[in-house]
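Here is how names work: the chains are called A, B, and so on, in the same order as the sequence lines, proteins then strands, and each is numbered from 1. Side chains are part of it too, since the values below use all heavy atoms of this structure and drop only hydrogens, waters and symmetry mates.
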There are 2 protein chains.
Amino acid sequence: MEIRIGDLAKRSGCEVVTIRYYEKEGLLPKPARSGGNFRLYGEAHIERLQFIRHCRSLDMTLSEIRALLGLRDNPMQDCGEVNTLLEAHIQQVEMRVSALLQLKRHLVDLREKCSGSRSVEACGILQGLGNRNCHGESATNSQTSG
Amino acid sequence: MEIRIGDLAKRSGCEVVTIRYYEKEGLLPKPARSGGNFRLYGEAHIERLQFIRHCRSLDMTLSEIRALLGLRDNPMQDCGEVNTLLEAHIQQVEMRVSALLQLKRHLVDLREKCSGSRSVEACGILQGLGNRNCHGESATNSQTSG
DNA sequence: AAAAACTCTATAGTCGCTATAGAGTCAAGT
DNA sequence: ACTTGACTCTATAGCGACTATAGAGTTTTT
C-alpha cells in the first residue's frame, strides 16, 4: 500500500508543498522513491502526518511538535514531559486570548469615538489613534500565530 | 527642533531599525539629512510614528495602517472608510479570540487524558493527538499576529 | 501521440520585524 | 591630536510556517 504525495495531501488535508516542507524540516522521514523519483508513502507516514496536522490544528509550533514526535519515538521515557509541554502550550494560548480581549476593548472604545461626522478631519477615531496618552504601549504580539 | 533616529526611537518606544523599516515601507516620509548623512526628524515625524505605533499596539497590520495614514493625509474624504476599516479589524480580532477559545477547549480536553501513567507509550495525551477522528481540521491560524 | 495531471528541485516571497557585518560620524576625555 | 565610545549609515540574511513560481520530468488519460 504505497501512495504518492498528492494522495497523502488529500488524506491529511494539507498541501503537497507543506509535506515536502515537513520532510525538509525533519518532521517526516524521507520516504522511498519510485522509478521516476516520486515519493512513496506508507501507513506510518500517513499516521505521522495526521499527528502533525492535528498538533498544528491545536496551534502548536513545529518545534513543539518536533519535541512531541521525539517523545513518541522513544516510548520508554517518562510521560511527564508531554504534560509539561501541553501545559506550557495551554498557558500560551490563555495569554494570547487575554491580550486579544484587552485589545478588543481598546478597539471598541475607539469605535465609539466616531461621532458620525462626515469629514476625516473631524473623525474621532483618527484623533483617538493619534492621541499618545491614551493607552500607552501594549505589545500584544506573541508566538502563537500562523 | 530636529532629533536623530535614536531619540525618535526612545520617544516612540520602538527600535531604530524599525523606524528605518517603516521608512522603507513608505509609512514614514524620508526625513532631511544632516551633513554626516544622519536622518533628522521633526514634530510631524514624531506624531506620525506615534500614530503608527499606537495602531500597531492595536495589532493592526502595516497595510491597514497605511490605509489609515492615507485617509489622514486626505482629510477631505468621507470618514466612513475609517469606520469600515476599524469594524473589519474588530471582527478579525473577535474571530481570532473565538478560534483560540475553541482551541483551548481541545487542549484542556487533551490534558485530562493523561492518566498519570509513567511511560510515554501509554500516555493518553499522545494517543489523543494521534487519533484522527477526534476533532477534525480546525484551522485556527489567522493574519492577526506578530 | 498528444494533452492533461501529476511530480520533481530550487528559489523567492509573505509579515513585521530582528540581527549581523562593515563602514562612517560625532562628542568627550586624555 | 588621538583615542575611545556611542551613535549612525547601508546592505543583507534570518525568523516561522508556509505559499508561489519557474522549468523540467513522469504518469495517466484521451
A.B. asks: Reckon B:Arg66 has a side-chain N or O less than 4.0 Å from the OP1 or OP2 of C:dC15?
C.D. replies: no
A.B. asks: How long is the line joining CD1 of A:Ile5 and P of D:dT27, in whole Å?
C.D. replies: 15 Å
A.B. asks: Rounded to whole angstrom units, what separation is found between the CZ atom of A:Arg33 and the P atom of D:dG25?
C.D. replies: 16 Å
A.B. asks: Rounded to the nearest 0.5 Å, what separates atom NZ in A:Lys24 from atom CD1 in A:Ile19?
C.D. replies: 14.5 Å
A.B. asks: So, OP1 or OP2 of D:dA17: does either fall under 4.0 Å of a side-chain N or O from A:Arg53?
C.D. replies: no
A.B. asks: Starting at OH of A:Tyr41 and ending at C1' of C:dT7, how long is that distance when rounded to a whole Å?
C.D. replies: 11 Å
A.B. asks: Tell me, which of residues 19-30 of chain A have any heavy atom that sits under 4.0 Å from an atom in DNA chain D?
C.D. replies: A:Tyr21, A:Tyr22
A.B. asks: Minimum heavy-atom separation for B:Arg53 and B:Ser12, please, with both atom names.
C.D. replies: CG-O, 3.8 Å
A.B. asks: Could you check how far CZ of A:Arg39 sits from C1' of D:dG25, rounded to whole Å?
C.D. replies: 14 Å
A.B. asks: With nearest nucleotides of DNA chain D determined for B:Gly6 and B:Val17 from heavy-atom distances, which residue corresponds to the more 5′ nucleotide?
C.D. replies: B:Gly6
A.B. asks: Counting heavy atoms from C-beta on, name the nucleotide in D:dT19, D:dA17, C:dG16 closest to the side chain of A:Thr61.
C.D. replies: D:dA17
A.B. asks: Are B:Leu49 and B:Val17 connected, step by step, through hydrophobic side chains (Ile, Leu, Val, Met, Phe, Trp, Tyr) whose heavy atoms are closer than 4.5 Å?
C.D. replies: no
A.B. asks: Using a 4.0 Å cut-off on protein heavy atoms (strictly under), produce a 5'-to-3' string for nucleotides 21-27 of chain C with B for base contact, S for backbone-only sugar-phosphate contact, and - for none.
C.D. replies: ---BSS-
A.B. asks: Please state how far atom CD1 in B:Ile3 lies from atom C1' in D:dT8, giving the value in whole angstrom units.
C.D. replies: 14 Å
A.B. asks: For B:Arg56 and B:Met60, indicate whether the former's side chain and the latter's backbone hold a donor-acceptor pair under 3.5 Å.
C.D. replies: yes
A.B. asks: If you define the side chain from C-beta out and look only at heavy atoms, does anything of B:Glu2 sit under 4.5 Å from B:Asp7?
C.D. replies: no
A.B. asks: Could you please name the option among D:dT10, C:dC17, C:dT18 that lies closest to any side-chain atom of B:Leu62?
C.D. replies: C:dC17
A.B. asks: What residues form a ring-ring contact (aromatic ring centres under 6.0 Å, His included) with B:Tyr41, not counting sequence neighbours?
C.D. replies: B:His45
A.B. asks: What's the shortest heavy-atom distance between B:Gly6 and B:Val16, and which atoms?
C.D. replies: CA-CG2, 4.0 Å
A.B. asks: Does A:Arg48 reach the main-chain N or O of A:Leu27 with its side chain, forming a donor-acceptor pair under 3.5 Å?
C.D. replies: yes
A.B. asks: Within this structure, what is the CD-to-C1' distance between B:Gln92 and C:dC15, rounded to whole angstrom?
C.D. replies: 14 Å
A.B. asks: Would you indicate, yes or no, if C:dT18 has its OP1 or OP2 atom less than 4.0 angstrom from a side-chain nitrogen or oxygen of B:Thr18?
C.D. replies: yes
A.B. asks: How long is the line joining CG of A:Leu8 and P of C:dC6, in whole Å?
C.D. replies: 15 Å
A.B. asks: Looking only at heavy atoms, which two atoms of A:Glu23 and A:Lys30 are closest? And how far apart?
C.D. replies: OE2-CG, 3.8 Å
A.B. asks: Whole angstroms only, please: what is the CE-P distance between B:Met60 and C:dC17?
C.D. replies: 14 Å
